[in-house]
Amino acid sequence: DKTGERYHASFAKDGAILKNLVKEYGTQKVLDLMDIFFEQAQGETWHADKLTVGVFQTQVNKLLIHLSKEREKKDARVEKR
């Protein structure tokens, strides 16, 4: 409930998209990607008013890169200790 409103879902379409993403990346990674998607929408981004499963799907590759960079930074901090 990131927007304060209930999402109007097209369960056949949205469900199929999410099912395929979970099948490919796993539940936890998809949830992590969703968190990043919503975090990025908090600012003045182009998708702040386009918080749909379809738009999320189009951004998955970009979000994967962002997630990978975050993990690299985290790993580098751990190695410095």
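Just so you know, residue 1 is the first one in the sequence shown, and it goes up from there.
- Here the side chains of L18 and Q57 are not in contact, with every heavy-atom distance at 4.5 Å or above.
- Atoms CD and CG, from Q59 and L64 in turn, are 11.0 Å apart once rounded to the nearest 0.5 Å.
- The side chain to side chain contact (heavy atoms under 4.5 Å, CB included) test with F56 singles out one residue from L51, I17, L63, D14, and that residue is L63.
- Contact annotation: the side chain of V22 never approaches that of Q28 to less than 4.5 Å [non-hydrogen atoms, C-beta and beyond].
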Evaluate side chain to side chain contact (heavy atoms under 4.5 Å, CB included) for F37 paired with V60, printing each intermediate quantity in order. CA-CA 9 Å; F37 179 73; V60 165; over 6 Å; no
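- I36 contributes atom CD1, which lies 4.5 Å from atom CG of L67 (distance to the nearest 0.5 angstrom).
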Start with the C-alpha distance between N20 and E24, add both sets of side-chain angles, then the distance that settles side chain to side chain donor-acceptor pair (under 3.5 Å), and finish with yes or no. CA-CA 6 Å; N20 287 334; E24 185 161 347; over 6 Å; no
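- Two residues are said to be in side-chain contact when any heavy atoms from C-beta on lie closer than 4.5 Å; H66 and K62 fail this criterion.
- Shown here are the side-chain contact (heavy atoms from CB on, under 4.5 Å) partners of E72, two or more places apart in sequence or in another chain: S68.
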